[in-house]
Every structure is written in structure tokens, then in C-alpha cells.
Amino acid sequence: MQRVNHTLLTEFILTGIPYPPRLRTLLFVFFLLIYILTQLGNLLILVTVWTDPQLHARPMYIFLGVLSLIDMGISSIIVPRLMMNFTSAIKPILFAGCVAQLYFYHFLGSTQCFLYTLMAYDRYLAICRPLHYPVLMTAKLSTLLASGAWVAGSMHGALQAILTFRLPYCGPNRVDYFFCDIPAVLRLACADTTVNELVTFVDIGVVVASCFSLILLSYIQIIRAILRIRTADGRRRAFSTCGAHVTVVTVYYVPCAFIYLRPGTNSPLDGAAALFPTAITPFLNPLIYTLRNQEVKLALRRMIGGPRTKSKV
């Protein structure tokens with residue numbers, strides 16, 4: 001058998017998302033605004049939760065602060081690189097940069113999955129077991145749970161990065177995607193990727209399915225508890241508290257399931273679906289949690305208005 005020598009790749013070229021050339025400037029400005037507003041919105045929530053004494057010691061808002069930090073991270077990892085797609089020059093990404101981008105995206109993304117589950121469990125305890133809630137979910141426990149989500153997410157990201165880049169990559173180097181993600185990168189490997197695809201499907205499938213199932217079970221119990229509330233105002237407040245979380249979870253999980261739970265497929269819709277967890281959801285989270293959450297809005301007014309507003313509230 002003839003032995004073939006392969007030269008391993010040192011960089012990749014991200015092809016980005018397809019777009020009409022005449023919209024290049026418009027799309028660049030659009031995603032630039034998305035990125036800036038994402039950072040400012042999440043930073044505002046983070047500062048509000050941290051500085052307001054009525055919020056920063058409550059488990060729900062500890063989780064919300066962590067979520068804002070994750071959203072800022074995911075947006076910073078993906079969106080600036082996406083914006084380069086709307087410039088005329090071809091800007092390759094180094095092999096090490098591709099490894100780092102894949103690792104941090106799956107690290108933060110899986111941490112976000114775990115965090116959504118913790119937020120659902122927190123709402124379950126607050127609504128279904130309100131008398132025991134202060135004992136069952138303390139600020140210390142919520143901090144430990146959030147730390148556990150970070151550790152589990154880091155392990156998940158490391159597993160996916162190691163499995164993906166243990167394979168040889170010898171050309172071509174054009175990644176048909178707007179960032180280094182597992183399905184797109186694996187298509188360039190110079191080796192059999194069956195095991196990788198299977199492990200990715202099982203690993204991500206277990207994380208997504210288990211987290212989503214726990215969130216679903218929590219909200220089934222929450223809805224049953226809300227329907228037993230006698231006053232319309234009480235039901236409205238309970239639904240308002242949980243509505244933001246349900247909206248965010250739906251926008252996040254549906255595109256992730258579409259992308260990762262279809263092994264061996266390559267749909268042109270994958271790139272559009274990936275924009276939701278990478279760019280749209282981090283942008284929407286501050287809007288959803290401020291517009292639908294009365295306590296966050298009151299805290300923002302106290303922070304912006306100063307002592308005079310605090311005395312009125």
C-alpha cells in the first residue's frame with residue numbers, strides 16, 4: 001500500500017454565512033449594534049444585581065447575574081469573528097484559535113444549559129414550596145450550584161475540544177460555517193469521524209435532553225401550582241416571573257437540538273439556527289428579563305434615580 005504524506009493544517013478559513021454582497025455594510029453594522037447592545041445590556045443587569053441589596057443576595061438573581069456573564073462571553077467569542085465575514089479581506093483563524101473558540105463556546109453553552117435547569121428548579125421551589133424556599137435555596141447553596149455548573153461546563157467543553165482536535169486535519173481548510181463548531185470542523189478531518197459523531201450526539205444529547213426534561217418537569221409542577229392560586233393578581237405575578245425563563249429556554253434549546261441532534265446531516269439552515277444561541281439569545285436576555293421582571297425594573301429605577309427613588313420605592 002502506498003503511504004501518503006499529509007501536511008497538517010495550521011489555520012482555517014471561516015466562510016461565514018451567505019449574504020448578498022450589497023448588504024455587506026448593513027449586516028456589519030447590524031451585528032456590530034447587536035454585539036454592543038448585548039454587552040451593555042448584560043453588563044447593566046450584572047451591575048444592577050451586584051449593587052442592589054435587595055437582589056444580590058437572592059438565588060434567582062445570583063443565577064441571573066451568572067447568565068449575563070455567560071451571555072457576554074458567548075457573544076464575545078462568536079460575534080466579532082462573524083463580523084469579519086462582512087469585510088472584504090479574508091482573515092483566517094489559527095488552529096489554536098479554532099480550538100479555543102470551540103472549547104469556550106461549548107464550555108459556556110453547556111454551563112448555560114445547566115444554569116437554565118437551576119433557574120427552573122429555583123422557580124419550582126419558590127412557587128411550589130414557598131414556606132420552605134428560604135431554607136432549601138439559600139444564597140450560599142445557589143452560589144455552590146452555579147459554581148458546579150461552571151465546573152461541569154468546563155469538563156464538557158474540554159471533552160468536545162479534545163475529541164474534535166485529536167483527529168488529523170490536512171486539508172482543505174475552509175470551514176463552511178461562521179465559527180469553529182464540531183459538525184463543520186469534523187467534515188475537514190482526514191480520518192474516520194464516526195466515533196466522534198456518535199460521542200458528540202450522545203454527550204450533547206444527554207446534556208440537552210436531561211436539562212430540558214428537568215426544566216419541563218419543573219414547569220409542569222409550577223403551572224399546576226399557579227392554577228391553584230385563587231387571586232388573578234397572584235397568578236399574573238407568578239406567570240410573569242416564570243414567563244421570561246420559559247421564553248429564553250425555548251429560544252435557546254430548539255436551535256441547539258436542531259443543530260446537534262441530527263448526526264451526519266449538513267443543512268444550510270444550520271447557520272441560521274446557530275445565530276440564535278450565539279447572537280440572538282444573548283441579545284434578547286437583558287430585554288426579556290428587564291421588560292418582564294418587575295423587580296429588575298424597580299432595581300434599575302433605584303440605581304438610576306438614586307436615594308430619592310429608593311425612598312419612594
Side-chain angles (χ1 to χ4, degrees), residues 38-39 41-77 103-159 207-208 210-215 217-219 221-222 238 241-249 252-253 277 281-282 285-286 288-290 292-300 302-303:
T38 297
Q39 298 301 309
N42 282 288
L43 181 62
L44 181 61
I45 287 184
L46 200 60
V47 171
T48 303
V49 171
W50 180 258
T51 58
D52 192 280
Q54 298 184 33
L55 296 185
H56 74 250
R58 294 176 58 184
M60 175 182 175
Y61 296 102
I62 291 175
F63 294 143
L64 181 57
V66 174
L67 178 63
S68 295
L69 195 61
I70 291 172
D71 283 336
M72 292 172 70
I74 291 177
S75 178
S76 296
I77 292 166
Y103 165 72
F104 280 107
Y105 173 66
H106 282 274
F107 162 34
L108 295 175
S110 56
T111 302
Q112 195 166 31
C113 284
F114 300 137
L115 189 68
Y116 283 148
T117 308
L118 294 177
M119 294 173 76
Y121 179 63
D122 174 75
R123 291 301 83 203
Y124 161 75
L125 292 178
I127 294 174
C128 299
R129 305 186 67 180
L131 297 179
H132 300 91
Y133 177 74
V135 178
L136 294 174
M137 183 62 76
T138 62
K140 182 178 180 180
L141 178 60
S142 62
T143 302
L144 288 174
L145 290 173
S147 300
W150 282 107
V151 172
S154 178
M155 294 172 62
H156 173 83
L159 173 64
V207 170
V208 171
S210 58
C211 290
F212 188 76
S213 297
L214 290 172
I215 292 171
L217 289 173
S218 297
Y219 274 95
Q221 297 300 319
I222 288 171
T241 302
C242 299
H245 187 222
V246 172
T247 303
V248 167
V249 166
Y252 183 82
Y253 274 96
T281 302
N285 277 349
I288 292 172
Y289 279 106
T290 53
R292 296 183 63 91
N293 192 303
Q294 293 297 325
E295 291 177 313
V296 173
K297 286 194 285 188
L298 289 174
L300 283 170
R302 287 193 294 269
M303 185 177 69

Exercise for review: Using a cut-off of 6.0 Å, state whether more than 12 heavy atoms not belonging to Phe212 lie near its atom CZ.
Suggested key: no

Check your understanding: With sequence neighbours left out, what residues match Tyr252 under ring-ring contact (aromatic ring centres under 6.0 Å, His included)?
Key -> Tyr116

Check your understanding: Taking only residues two or more places apart in sequence, or in another chain, which ones meet Tyr105 in a ring-ring contact (aromatic ring centres under 6.0 Å, His included)?
Key -> Phe179

Please output the side-chain donor-acceptor pairs of residues 128-136 that fall under 3.5 Å, not counting sequence neighbours, one pair per line with the distance.
residue: Tyr133; atom: OH; partner: Asp122; partner atom: OD1; Å: 2.5

Study note, to complete from the structure: Sorted by chain and residue number, the side-chain hydrogen bond (donor to acceptor under 3.5 Å, both in side chains) partners of Thr281 (sequence neighbours excluded) come out as none

Heavy-atom pair with the smallest gap, counting every atom of [X] and [Y]:
X	Y	value
Ile62	Ala139	CD1-O, 3.9 Å
Tyr103	Ser154	OH-OG, 3.0 Å
Ile70	Trp150	CG1-CH2, 3.7 Å

Point to revise | Gln39 side chain vs Met72 backbone, donor-acceptor pair below 3.5 Å | key: yes

Practice item. Would you check if the side chain of Asp71 reaches a backbone N or O of Thr38 as a donor-acceptor pair within less than 3.5 Å? Key: no

Review point. Where does the angle between the aromatic ring planes of Phe107 and Phe104 fall among parallel (under 30°), tilted (30 to 60°) and perpendicular (over 60°)?
Key: tilted

Check your understanding: What pairs meet the salt bridge (Lys or Arg N to Asp or Glu O under 4.0 Å) rule with one or both residues in residues 132-155, with sequence neighbours excluded?
Key -> none

Exercise for review: Sort and list the pairs that fulfil salt bridge (Lys or Arg N to Asp or Glu O under 4.0 Å) and have at least one residue in residues 42-59, not counting sequence neighbours.
Suggested key: Asp52-Arg302, Arg58-Glu295

Check your understanding: Heavy-atom distance under 4.5 Å between the side chains of Gln112 and Asn285, does that happen here?
Key -> yes

Review point. Does the side chain of Val249 come within less than 4.5 Å of Tyr219's, by heavy atoms?
Key: no

